[in-house]
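Per chain, numbering begins at 1; letters A, B, ... match sequence-line order. Predicted, not measured: the structure shown is a model, and the values here were computed from it.
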Amino acid sequence: MPGRVRRCPLKTPDRPYLALGLEGSANKLGAGVIRHDVDGSSTVLSNLRHTYITPPGEGFLPRDTALHHREWALKVIKDAMKQAGVSIHDCDCICYTKGPGMGAPLQSVALVARTLSLLYNKPLVGVNHCVGHIEMGREITGAQNPVVLYVSGGNTQVIAYSRQCYRIFGETLDIAVGNCLDRFARVINLSNDPSPGYNIEQEAKKGKRLLPLPYTTKGMDVSLSGILTSTEALTLDKRFRADGQPNGPDDTDYFTPADLCFTLQETVFAMLVEITERAMAHIGSKEVLIVGGVGSNVRLQEMMGIMARERDGNVFATDERFCIDNGIMIAQAGLLSFRMGHSTPLTKSTCTQRFRTDEVHVAWRA
Amino acid sequence: MDSTIALLASSQPVSQGAEAALYKGTLHSASAPLLLKHRFAKGYRHPTLDASLTKARVAGEARALMKCLRSGVSVPGIRFVDASAGVLGIEWIDGRSVRFLLGGGDEGVDDEEADETEETEEEDALAEYGVARDELMRRIGTEIAKMHLADIVHGDLTTSNMMLRLPSASPTNQPTLFLIDFGLAYTSALAEDKAVDLYVLERAFGSTHPDAEPLFAGVLAAYEERMGKHWLPVRRKLEDVRLRGRKRSMVG
């Protein structure tokens with residue numbers, strides 16, 4: 001809010017603080033070490049990730065994903081500590097994702113966090129995954145009080161900070177935008193390596209024809225499941241050429257998988273930018289920050305940039321290192337919370353599939 | 001198209017929201033002023049998509065207004081529609097928003113700034129119109145009921161989207177309540193949709209006005225009276241909607 005100055009409750013640290021962050025709410029296993037220095041700056045010492053990649057046409061199942069995390073946890077954490085050049089003995093706390101996410105993968109990572117906490121006698125800090133994204137985005141981009149568009153495989157939310165809470169202004173009424181894109185990638189058999197969303201983005205660059213799809217913004221919310229169904233239905237259309245080639249020189253009325261990727265992106269991103277703009281107009285903010293895996297999509301960043309410029313504002317976005325799920329964002333949010341005197345006792349170190357962004361008390365902001 | 005642009009150019013800008021820019025203009029020198037709502041092109045949207053959306057939205061808003069007018073709901077009259085250019089011209093209402101009259105300040109003004117002047121200004125403002133608070137609430141309830149009986153759902157009922165016209169600007173010399181901004185309106189006969197409409201208004205009252213509860217109770221009482229036998233299903237749904245809230249806990 002303009003014109004009101006409240007002091008930030010977070011004090012500058014009297015000594016450097018170190019935190020290890022562990023993330024595994026979906027198919028990425030991440031570990032990272034962050035340092036908060038006495039001058040108030042932060043340094044990312046390491047940020048490693050291993051992704052569970054399934055064959056084309058398949059998604060990741062909770063059980064297999066949990067198995068992947070269990071198999072890779074030790075290697076990823078060891079490498080992260082080695083790259084950071086510190087030992088877990090030096091860390092002040094161990095931060096892990098409490099939720100939201102898939103149950104089985106969350107539990108396997110929480111188990112690792114608890115074990116480390118007992119082995120090294122370090123306090124645990126349970127972190128909300130969404131708040132982790134927001135805090136890392138703010139740290140990397142330096143955005144002060146932006147409207148946040150959080151777009152990933154599991155979440156689609158427009159968020160703004162108000163009175164020590166990240167309030168949700170708008171969100172998806174059904175599936176997340178990343179889920180929508182990934183599932184369409186599987187329909188047209190795109191590879192899941194490095195991620196289905198990335199391959200959709202590359203395909204979309206080759207697309208030219210914009211086909212009509214439903215446009216379903218509802219106030220500040222969006223609905224995406226019907227758009228996915230409509231796009232899938234177009235792959236059964238007579239004019240659809242799965243190989244991307246016309247049937248002959250006379251075949252002019254056709255469309256390709258690339259055209260569908262292009263259409264899907266243009267439509268759903270326009271919806272997302274529209275609800276973000278509404279939230280900005282509503283609260284009178286000129287900054288917008290994009291976080292979450294879909295946030296690394298360059299076309300989404302570009303569209304958001306045009307909107308922000310039309311409003312004399314700025315857009316902040318990060319690259320895949322910080323957009324896509326990672327351990328360092330959990331370390332960042334966890335360490336902020338730890339410096340405010342918060343930690344999670346072992347008996348409370350559960351995880352939960354349902355954990356809304358607005359349930360977190362953001363003690364470290366004014 | 002060109003004449004529409006010329007019309008916009010000759011008009012005075014009033015305000016600009018996320019969706020549209022508002023202008024005050026006249027069709028010809030002798031005519032009454034009108035409000036022009038221009039849904040300008042969005043640079044971020046694909047031009048084809050943008051054109052079809054704008055056209056559909058302007059036409060949709062005009063259609064909802066038309067339906068309201070035919071059913072005797074108090075809404076501004078339509079004066080001008082150019083869907084391709086994204087311009088809708090409606091009757092100019094000389095008055096203030098209900099939000100302002102109830103002391104909620106103007107939209108976009110910081111809450112705390114508005115607080116200081118609230119009490120005194122509000123008394124003066126409503127007195128100028130010669131309408132008591134209870135009477136105003138009663139009219140709001142009645143107009144919403146008339147709209148819902150015509151199966152129109154507003155989609156964004158807030159106190160900012162209601163206006164009271166100055167008695168001096170009215171042909172009958174009476175203050176008249178108007179429902180405005182039908183940009184999100186749609187047609188539906190479902191009690192569920194009407195209940196959500198009321199719930200949105202209830203929330204809007206709660207977030208912008210002190211002692212909102214008795215105020216909203218006044219709105220509901222008048223609504224109930226006007227709806228007659230159609231009130232019961234809406235009431236049941238409203239109770240459901242309140243319990244449900246808009247925000248449920250989400251997975252992932």
Side-chain angles (χ1 to χ4, degrees), chain A residues 1-4 25-26 99-103 129 152-157 168 171-172 175-176 178-179 209-210 212-213 215 217-219 221 262-263 266-267 269-270 273-284 302-311 352-359, chain B residues 15-21 39-57 60 105-116 153-158 160-161 181 183-186 193 196-197 199-200 203-204 207-208 244-252:
Chain A
M1 296 252 178
R4 191 176 347 142
S25 62
M102 281 184 163
H129 181 88
S152 67
N155 290 281
T156 301
Q157 299 177 335
I168 302 172
E171 64 186 316
T172 174
I175 60 172
N179 192 245
R209 299 171 193 81
L210 187 86
L213 281 182
Y215 188 90
T217 56
K218 318 234 166 180
D221 295 329
F262 171 71
T263 302
E266 288 297 316
T267 309
F269 290 171
V273 175
E274 182 179 330
I275 61 169
T276 310
E277 181 173 22
R278 251 185 229 155
M280 287 170 78
H282 188 83
I283 61 171
E302 186 183 286
M303 287 167 78
M304 197 63 89
I306 299 171
M307 182 274 281
R309 264 199 307 283
E310 282 175 0
R311 305 186 60 82
T352 166
Q353 301 200 83
R354 291 160 192 257
F355 189 6
R356 285 182 65 82
T357 316
D358 49 13
E359 284 172 33
Chain B
S15 68
Q16 178 165 347
E19 293 285 296
R39 291 178 183 269
F40 46 88
K42 297 282 184 189
Y44 62 82
R45 236 166 2 212
H46 190 282
T48 314
L49 178 62
D50 192 62
S52 71
L53 269 179
T54 304
K55 202 170 166 180
R57 285 176 176 180
D106 269 326
E107 202 166 12
V109 176
D110 193 290
D111 289 353
E112 324 238 322
E113 281 172 46
D115 274 349
E116 295 159 27
V153 175
H154 187 280
D156 188 20
L157 272 183
T158 62
S160 314
N161 285 339
D181 195 357
L184 293 172
Y186 59 100
D193 292 332
V196 170
D197 230 13
Y199 180 68
V200 168
R203 290 264 302 246
S207 62
T208 36
R244 206 187 309 151
R246 195 172 71 95
K247 303 295 184 191
R248 74 246 178 269
S249 194
M250 253 183 64
V251 184

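- Shown are Arg354(A), Gln353(A), His129(A); of these, the side-chain contact (heavy atoms from CB on, under 4.5 Å) with Pro100(A) is made only by His129(A).
- Contacts between Glu19(B) and chain A at a heavy-atom distance below 4.5 Å involve the side chain alone, from C-beta outward.
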Task: Arg45(B) and Tyr215(A): CA distance, side-chain angles, deciding distance, side chain to side chain donor-acceptor pair (under 3.5 Å) verdict - done: CA-CA 12 Å; Arg45(B) 236 166 2 212; Tyr215(A) 188 90; 3.1 Å; yes
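- The main-chain N or O of Arg209(A) is found under 3.5 Å from a side-chain atom of Thr263(A) such that the two form a donor-acceptor pair.
- The side-chain hydrogen bond (donor to acceptor under 3.5 Å, both in side chains) search around Thr54(B) returns none, not counting sequence neighbours.
- Heavy atoms of Thr217(A) lying under 4.5 Å from chain B belong exclusively to its side chain.
- Interface remark: Leu49(B) contributes backbone and side-chain atoms alike to the contact with chain A (heavy atom separation under 4.5 Å).
- Remark: Thr48(B) engages Leu210(A), His46(B) in a side-chain contact (heavy atoms from CB on, under 4.5 Å) (not counting sequence neighbours).
- Heavy atoms closer than 4.5 Å to chain B are found nowhere in Arg309(A), neither backbone nor side chain.
- If you tally non-hydrogen atom pairs under 4.5 Å between each of Gly183(B), Ala18(B), Gly155(B) and chain A, the highest count goes to Ala18(B).
- When the candidates Met307(A), Glu274(A), Glu310(A) are compared by the number of heavy-atom contacts under 4.5 Å with chain B, Glu274(A) comes out ahead.
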